[in-house]
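For reference, the structure is listed below as structure tokens.
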Protein chains: 2
Amino acid sequence: MGHTPTTARGRATRKRILDAAADLIQRRGVAAVTLDDVERAAGAGRSQLYHYFDDRDDLIRSVVHSTVDTVLAAQEPLLLKVDSLAGIDRWFDAIVANGTRQDAVGGCAIGSLASQLSGRDDLARQAFVDAFARWEAPLIAGLQRMQESGELCPDADVTELADLTMAAIQGGLLLAQVRRTPDQLRLALRGARAALEDALTPLP
Amino acid sequence: MGHTPTTARGRATRKRILDAAADLIQRRGVAAVTLDDVERAAGAGRSQLYHYFDDRDDLIRSVVHSTVDTVLAAQEPLLLKVDSLAGIDRWFDAIVANGTRQDAVGGCAIGSLASQLSGRDDLARQAFVDAFARWEAPLIAGLQRMQESGELCPDADVTELADLTMAAIQGGLLLAQVRRTPDQLRLALRGARAALEDALTPLP
DNA sequence: CCTGTTTTGTACTTCACAGTACAGAGATTC
DNA sequence: GAATCTCTGTACTGTGAAGTACAAAACAGG
């Protein structure tokens, strides 16, 4: 995976390359980004690229990892507080708000990459399996807490509920990207919410 | 858009090219398919390609159109009979069965293409907007019939329900592709079903 | 400072792939 | 059966983009 930089300057350069590549890929798609583009955007030369990354594929995979980290880091604050229906609603609202931002009408950064790469590069696919698992973990944990507190029905399958929610998010973001209307995301989440509500403990 | 063939032989050739390209793209992704690949798979020469299509982009767009037609044609029989919850269940089952086929673990043919192309080629994006609209139309019509027959609550928004269902399908197929388990699709649809059930007229 | 290591600049090579040229085969019409 | 379309085979060109070579610059430690 190339050389890991040891000096501060090196780390900064590697990061500049990675950020530039991530940005370009996000906007144009993996296939439409050339190494020359990345160099220009990062203000770096060819030798830097090949110093820090083995080849183009290595760079792409590194972008995948860093993108996943970024997305998850952004979600975590609210995702960790998911332990009630109200908490879930707050999380959903944040996702919608984030998907509505002007520069982010491009669907889910992860989901978009996933469907571009999963079919081709099995190594990348594995990275997305991990990514979705990491993303889902705090949600599953939250649902379990809801179950322990009695808010959620004891015989509900929290993993299935979480899977279903992730699917709604991804599908909503895809339609939002195609139709260029963030509404689609809001609606999609409504479906997941209906399933979650169904799993609540019925009022006594 | 190239020459439309006038003879039977010409039509056959054009179709062979289109089918070969669709198949390759489906399996490897748009970017990884070269014209040489298509030629070889179709048993055609370079001149045929450029006789029936303007250039590579034109070929890709044609593939998009034909893929959409194929998918919709496969859905239609069951989709037209959606006018009860049981009918919807039958449609869902068919989708799951289709997504489980060995050669189709590659997510939704349309959705997959959509997220590859929507970000880049606005002309293609438009094609997907149309595709999803055509796909959704019979569902909306069916839900309306359910509303008229009284099965569905009169104040339910059928368009929103349909949107939400489409999102569940797409999200489910994406996760199924990444995780290589068709279960994801089944679960995702359960979310949509919950929302649909919520919209049923409560029993008197 | 001197020495080795990390980082960077530039110019080059190589090759795959989109697109072109052009002639030849096959069909169709009168 | 000649004239004129539609269709096909093959070989070529040009270019863009990945990857390489190699030396100079910046930096670190002693």
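Excluded from the calculations below are hydrogen atoms, water molecules and symmetry mates; all remaining heavy atoms, backbone and side chain alike, are included. By convention in this document, chain letters (A, B, ...) are assigned in the order of the sequence lines, proteins followed by strands, and residues within each chain are numbered from 1.
- Taking atom CG of residue B:Leu49 and atom C1' of nucleotide C:dA18, one finds them 11 Å apart after rounding to whole Å.
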Quiz item: Where do B:Asp19 and B:Arg16 land on the salt bridge (Lys or Arg N to Asp or Glu O under 4.0 Å) test, with the steps shown first?
Solution: CA-CA 5 Å; B:Asp19 289 350; B:Arg16 249 171 32 239; over 6 Å; no

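- Among the heavy atoms of the strands lying under 4.0 Å from A:Tyr52 are primed sugar atoms or P, OP1, OP2 only; no base atom is included.
- When each of C:dT7, C:dC17, D:dG19 is scored by its nearest atom to the side-chain atoms of A:Thr7, the top-ranked nucleotide is C:dT7.
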TODO: Quick one: do A:Arg190 and A:Asp183 satisfy salt bridge (Lys or Arg N to Asp or Glu O under 4.0 Å)? Show the steps, please.
DONE: CA-CA 11 Å; A:Arg190 188 178 300 176; A:Asp183 274 4; over 6 Å; no

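- Atoms CZ (A:Arg9) and P (D:dA25) sit 13 Å apart, rounded to a whole Å.
- Nearest to the side chain of B:His51, among D:dA21, D:dA17, D:dC7, sits D:dC7.
- In this structure, the nucleotide among D:dC7, D:dA18, D:dT10 sitting nearest to the side chain of B:Pro5 is D:dC7.
- In this structure, CZ of A:Arg11 is placed 13 Å from P of C:dT6, rounded to the nearest angstrom.
- For B:Arg46, taking side-chain heavy atoms from C-beta onward, the closest of the listed nucleotides D:dA11, D:dG19, D:dA26 is D:dA11.
- The CD atom of A:Glu39 sits 13 Å away from the P atom of C:dT8 (whole-angstrom rounding).
- Look at B:Asp23 and B:Arg27 and you find a salt bridge, because one of the NZ, NE, NH1 or NH2 atoms lies within 4.0 Å of a carboxylate O, short of that distance.
- Residue contacts shown for A:Thr6 are limited to sugar-phosphate atoms, with no base heavy atom under 4.0 Å away.
- Across the protein-nucleic acid pair, B:Asp55 atom CG and C:dC17 atom P stand 17 Å apart, rounded to whole Å.
- Listed pair A:Thr13 / C:dT8 meets the phosphate criterion, a side-chain N or O lying under 4.0 Å from OP1 or OP2.
- Here the side chain of A:Tyr50 is nearest to one of C:dT7, D:dA18, C:dG26, namely D:dA18.
- We find that NE2 of B:His3 is positioned 12 Å from C1' of D:dC5, with the value rounded to whole Å.
- The existence of a salt bridge linking B:Asp93 and B:Arg90 is excluded, since no basic side-chain nitrogen approaches an acidic carboxylate oxygen closer than 4.0 Å.
- The CZ-C1' distance, from A:Phe53 to C:dT7, rounds to 14 Å in whole Å.
- With values rounded to the nearest 0.5 angstrom, A:Thr181 atom OG1 is found 7.5 Å from B:Asp163 atom CG.
- The CG-C1' distance, from B:Asp36 to C:dT20, rounds to 14 Å in whole Å.
- Residue contacts for B:Thr34: at a heavy-atom cut-off of 4.0 Å it reaches the sugar-phosphate backbone alone, with no base atom in range.
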